[in-house]
Amino acid sequence: MIADARFLAGQVSSQPGALCRKPSLAYARAMTHTPEDSALMLRYGAGDVQAFEILYRRHNDAIYRYLLRLSGHRDSADDIFQEVWGKIIKARESYRPTAKFTTFLYRVAHNCFIDYVRQNKRHSTSTELEPELHSHPGESPEAETERSLARERLEIALTTLPEEQRDAFLLHEEGGLSVDQIAAVTGCNRETAKSRLRYAINKLRSAIDEPAERT
Amino acid sequence: MTKDMNHDDSLVSATYRDLATETAPPELDRKILSMSAGTQRSRYGLARAWIRPVAWAATIGLSLAFVLEMSQLDDVASPPASTEAADVADVPGVRREALTPARQEDREQPPAAMRSDAPTTAQTNAALPATAPDPAAKAEAGMSAETTSVSGDFETADMDMLREAEQQARARSGSEQDTALLDQAAAFDAAMTLEKKTQTEHCSREARLEAVTWIACIQELRDKGLAEAAEQELAQLTARFPDFEEPAQNR
């Protein structure tokens with residue numbers, strides 16, 4: 001999210017004119033430099049394609065990772081990703097900022113994933129993702145190895161999580177959603193969402209700390 | 001508990017952030033951005049929204065106009081229209097020429113010998129076709145011109161030909177062409193009947209060649225009770241033969 005914010009700041013500073021093109025909108029008038037997602041979506045509904053591009057750049061990677069970790073397959077993630085943004089584009093005129101845009105976006109993504117699983121009965125929960133290795137310059141080889149192992153254990157633990165818990169964790173991590181928002185997206189009550197998220201984090205933490213038991 | 005939870009959360013989050021570095025494929029980015037721009041363009045293409053309804057309306061309108069036109073054509077060609085024309089012809093004072101101008105004009109073209117201002121019986125005889133009956137007999141008959149005139153013969157032959165064609169068409173299997181031919185034959189038959197009927201209300205061309213035969217025809221019209229037609233014929237006779245005086249017995 002921090003990276004996204006930095007990216008957004010870069011976008012805004014590079015294209016100030018594009019963001020202030022429609023001052024007639026109440027949302028845009030109030031936010032000249034960092035428009036909210038809802039304002040961007042409203043502007044897109046009013047015909048501002050640039051607003052959609054900003055909105056897309058702000059959320060595309062997080063949504064992609066959410067779908068990638070949730071489905072465990074790149075092809076599936078690609079298909080659902082297109083479906084999600086297609087629905088967002090179609091909903092541009094009927095969109096009303098009754099809730100946070102991120103909640104709306106991840107609800108669409110969640111529903112698209114559920115639909116995809118229902119339509120593709122053979123969809124398996126097994127993952128085909130290969131963990132990418134990232135080196136941190138200046139770090140000792142031992143620390144680098146430990147970090148790599150932790151990533152690998154987390155990756156494996158994520159795939160073994162129940163789908164509801166994995167969903168809750170990914171919504172929390174990628175979307176930055178609160179427990180209430182996770183409940184709204186997944187269609188369960190607050191306590192259930194909180195419980196799922198807590199169980200997921202505990203399991204993942206255990207997997208990171210106790211590699212010997214898992215292996 | 002909350003503190004532990006937050007600690008677990010931050011550690012897991014940091015590890016996850018370290019792990020999850022995937023980005024959306026650039027080709028997907030391009031596809032979605034072009035999709036958004038494409039739909040936006042189509043949204044502003046307001047003409048697109050109107051093309052379909054306007055096309056439907058135009059198609060329905062043209063179809064209705066075509067059907068209406070075709071039904072009107074059918075009405076003109078069908079026998080009921082001929083009956084209507086017959087009704088009009090029955091009205092006194094309405095000339096048959098007005099109903100069928102082209103055909104009448106064809107028939108009204110007399111031979112060169114008959115166009116002289118004072119035609120004689122001999123000239124008339126010479127001008128008549130070989131198939132025409134004896135003019136003397138015609139003079140005797142006076143008002144029977146409709147059965148003895150040239151046009152009457154032509155009509156009889158024409159009717160015979162039509163009936164023969166009708167029979168031939170009926171003999172064939174009922175294809176659409178035959179049906180159309182039968183319809184045309186029936187329509188023409190009705191027109192011929194109408195012409196024959198209207199002829200009885202006027203003097204024939206043969207009777208009008210001479211004043212004597214013409215006045216005899218007029219008298220016969222009077223006897224039939226067609227006083228108005230007789231008066232019209234008398235007016236034409238007076239105009240054509242100014243010196244002729246109607247016999248006192250006829251008045």
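All figures in this text were calculated on a predicted structure; none of them were measured in a lab. Every chain is numbered from 1 and lettered A, B, ... according to where its sequence line falls, protein lines coming before strand lines.
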- Query: Got a salt bridge between A:R166 and A:E173, using NZ or NE/NH1/NH2 to carboxylate O under 4.0 Å?
  - Reply: no
- Message: Looking at B:T59 and B:A55, would you say the former's side chain and the latter's main chain have a donor-acceptor pair under 3.5 Å?
- Response: yes
- Item | Ion pair check, A:E155 and A:R69, cut-off under 4.0 Å | yes
- Query: Should A:E174 and B:R17 count as an ion pair when the cut-off is N to O under 4.0 Å?
  - Reply: yes
- Item | Residue pair A:L154 / A:I208: nearest heavy atoms and the distance that separates them | CD1-CD1, 4.0 Å
- Task: Pull out the residues in residues 24-31 of chain B that come under 4.5 Å of chain A, heavy atom to heavy atom, sorted by number.
- Result: B:A24, B:P25, B:L28, B:D29, B:K31
- Below 4.5 Å from any heavy atom of chain B, which atoms of A:L55 appear? Answer side chain, backbone, both or neither. neither
- Message: Under 4.5 Å from any heavy atom of chain B, what part of A:I63 do you find: side chain, backbone, both or neither?
- Response: neither
- Is a side-chain donor-acceptor pair under 3.5 Å present for B:S36 with A:Y56? no
- Run the side chain to side chain contact (heavy atoms under 4.5 Å, CB included) check on A:D209 and B:L11 step by step: do they pass? CA-CA 10 Å; A:D209 285 345; B:L11 183 65; 4.1 Å; yes
